[in-house]
Amino acid sequence: MIQPSFAPRVFSGIQPSGELTLGNYLGAIKRFVDMQGPEFETVYCMVDLHAMTVWQEPHDLLKSTRELCAGFIASGIDPERSILICQSHVPEHAQLAWIFNCVARVGWMQRMTQFKDKAGKNSQRASLGLFCYPALMAADILIYHATHVPVGEDQKQHLELTRDIAAKFNHDYGVEFFPITEPVIEGLATRVMSLRDGTKKMSKSDPSDMSRINLTDNSDTIALKIRKARTDTQSLPSEPDGLKERPEAQNLVNIYAALAGQPIEKVLEEIGGKQFSEFKPLLADLAVAELAPISTKIKKLTSDTSEIDRILRRGAERARHITHPILERVYQIVGMVPK
Ligand code: TYM
């Protein structure tokens, strides 16, 4: 029996498909930054292999991956304190994913709502990669023996599957080799909604650019998108109960609270009774103050791709010190001939 010894380690990833949104920032990256510190070792990843489960123009994928790396750093991920990697640079992710393809069951994958949403009506024509996407995601996490995974709410089902895969592997092989990972879905912005429809998630794949704020938007664009954001006709309430059944109001107040780092109750004490015409400029000022410096830094960092590539190479070297021995143990456990 292999004894578990799981040091607190954080892993999370973002797909380099399109631009980073305020949803990614508040739901994920801001949390990634907060988790850097003495309590955890932190590993953050640009999941390029996941991105290609739906078609990506090669030059767009290359550009988006470097831009995502710049977005991480500009938002406060320190490539010295955290290990910052590109998924395809650390081959053990994909190697462990194969093993997990053989552990996970077809029925588990068929239940994944993200697959159903992304594959749409014609699921027979979806890539095989899109179908087994969650096994690669489980491998991303478990190849580091990560104990904590900060994500937005939409990733909850995938993290439950990661736990199921870890448990089945441990059970089938009679080991306690993989940790049962803790999802970290916390804060006010675990589900930031579209600015055009408060019942839909803010997403980089929404055809309307006005539905989201991108981290590369300039101050005028951010202010314009907030000014044009859909709302209802009532004024803002003074108590959280007054936001029920008002998805657009709830969303804008949540965004304000997440940006200000304040509880909803405190925000509503300040803004309760205001019209949206008074509240929106306050929200725009807050968003611009936080995001404009990030956008400027992204532009500066992406002007020198060689520095980004150097950071990613170094990240991969550090990552492989962790992933290589774990994969070797997995191969040993499942009965591969030692090299
Ligand atoms: P992705 O690239 O769709 O999103 C990256 C992160 O951003 C969060 N997020 C949001 N949070 C709040 N509100 C929103 N509107 C919003 N939109 C996105 C997501 O929840 C996510 O945390 N499968 C993952 C990538 C991945 C991964 C991993 C994550 C691959 N391997 C291992 C964690 C661990 C995905 O598609 O995220």
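In what follows, every heavy atom counts, from backbone to side chain, and hydrogens, waters and symmetry copies are set aside. All ligand and atom numbering here is 1-based and tracks the order in the structure.
Protein heavy atom closest to atom 29 (C) of ligand 1, with residue, atom name and distance, is Gly13 O, 3.4 Å. Counting only heavy atoms of the protein, atom 22 (O) of ligand 1 lies nearest to Gly152 N, 3.1 Å. Ranking the protein heavy atoms by distance from atom 23 (N) of ligand 1 puts Tyr133 OH, 2.6 Å first. Here the heavy atom of the protein found nearest to atom 20 (O) of ligand 1 is Asp154 OD1, 2.4 Å. Counting only heavy atoms of the protein, atom 13 (N) of ligand 1 lies nearest to Val192 N, 2.8 Å. Summary of contacts: the protein heavy atom closest to atom 2 (O) of ligand 1 is Gln15 N, 2.9 Å. Scanning the protein heavy atoms around atom 10 (C) of ligand 1, the nearest turns out to be Gly23 O, 3.4 Å. Nearest protein heavy-atom contact of atom 6 (C) of ligand 1 is Ala28 CB, 3.6 Å.
Between Tyr133 and Phe115, the gap from one ring centroid to the other reaches at least 6.0 Å.
Between Phe178 and Phe100, the ring planes lie perpendicular to each other; the angle is over 60°, past the 30° to 60° tilted range.
Of the candidates Ile141, Ile85, Leu142, Val47, His93 forms a side-chain contact (heavy atoms from CB on, under 4.5 Å) with just one, namely Ile85.
The distance from ligand 1 to the heavy atoms of His50 drops below 4.0 Å at these ligand atoms: 30 (C), 31 (N). Atom numbering of ligand 1 starts at 1 in the shown order; those under 4.0 Å from a heavy atom of Phe11 are 32 (C), 34 (C). Annotation for ligand 1: atoms under 4.0 Å from non-hydrogen atoms of Val151 are 22 (O), 33 (C). If you number the atoms of ligand 1 from 1 as listed, the ones under 4.0 Å from a heavy atom of Ile141 come out as 32 (C), 34 (C). Which parts of ligand 1 touch Ala189 is read off a 4.0 Å heavy-atom cut-off, strictly below it: atoms 12 (C). Less than 4.0 angstrom separates some heavy atom of Gly27 from each of these atoms of ligand 1: 11 (N), 12 (C).
Residue contacts with ligand 1 for Ile14 involve both N, CA, C or O and side-chain atoms from C-beta outward (heavy atoms, distance under 4.0 Å). At a heavy-atom cutoff of 4.0 Å, ligand 1 is contacted by the side chain of Val149 but not by its backbone. Contact annotation: for Lys204 versus ligand 1, heavy atoms closer than 4.0 Å belong to the side chain alone. When heavy-atom distances to ligand 1 are checked against a 4.0 Å cut-off, Thr190 comes that close only through its backbone atoms N, CA, C and O. By the criterion of a heavy-atom distance under 4.0 Å, neither the backbone nor the side chain of Ser203 is placed next to ligand 1.
Ranked by closest heavy atom to atom 5 (C) of ligand 1, the top entry among Asn24, Asp140, Leu20 is Asn24. Distances from atom 17 (N) of ligand 1 to the heavy atoms of Glu153, Gln155, Met202 show the closest one on Met202.
Taking CG of Leu252 as the start and CD1 of Ile271 as the end, the distance is 9.0 Å to the nearest 0.5 Å.
No more than 12 heavy-atom neighbours from other residues, nucleotides or ligands sit within 6.0 angstrom of CD on Glu239.
Looking only at atom types and distance, the side chain of Gln157 has a donor-acceptor partner in the side chain of Thr113 under 3.5 Å away. Between Lys299 and Ser295, the side chains place a donor N or O and an acceptor N or O closer than 3.5 Å (distance only, hydrogens not considered). In this structure, a donor-acceptor pair under 3.5 Å is absent between the side chains of Ser208 and Asp206. Gln36 and Ser82 share a donor-acceptor pair across their side chains, judged by distance under 3.5 Å alone.
Considering all non-hydrogen atoms of both residues, Ile165 and Ala104 come closest at CD1-CB, 4.0 Å. In plain terms, the two heavy atoms of Ser75 and Val33 that are nearest each other are O-CG2, 3.4 Å.
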Please lay out, stage by stage, how Phe279 and Tyr256 fare under the test ring-ring contact (aromatic ring centres under 6.0 Å, His included). CA-CA 10 Å; Phe279 170 59; Tyr256 187 97; 5.5 Å; yes
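Counting heavy atoms from C-beta outward, Ile99 and Tyr331 have side chains that approach closer than 4.5 Å.
Not a single heavy atom of Met193 sits less than 4.0 Å from an atom of ligand 1.
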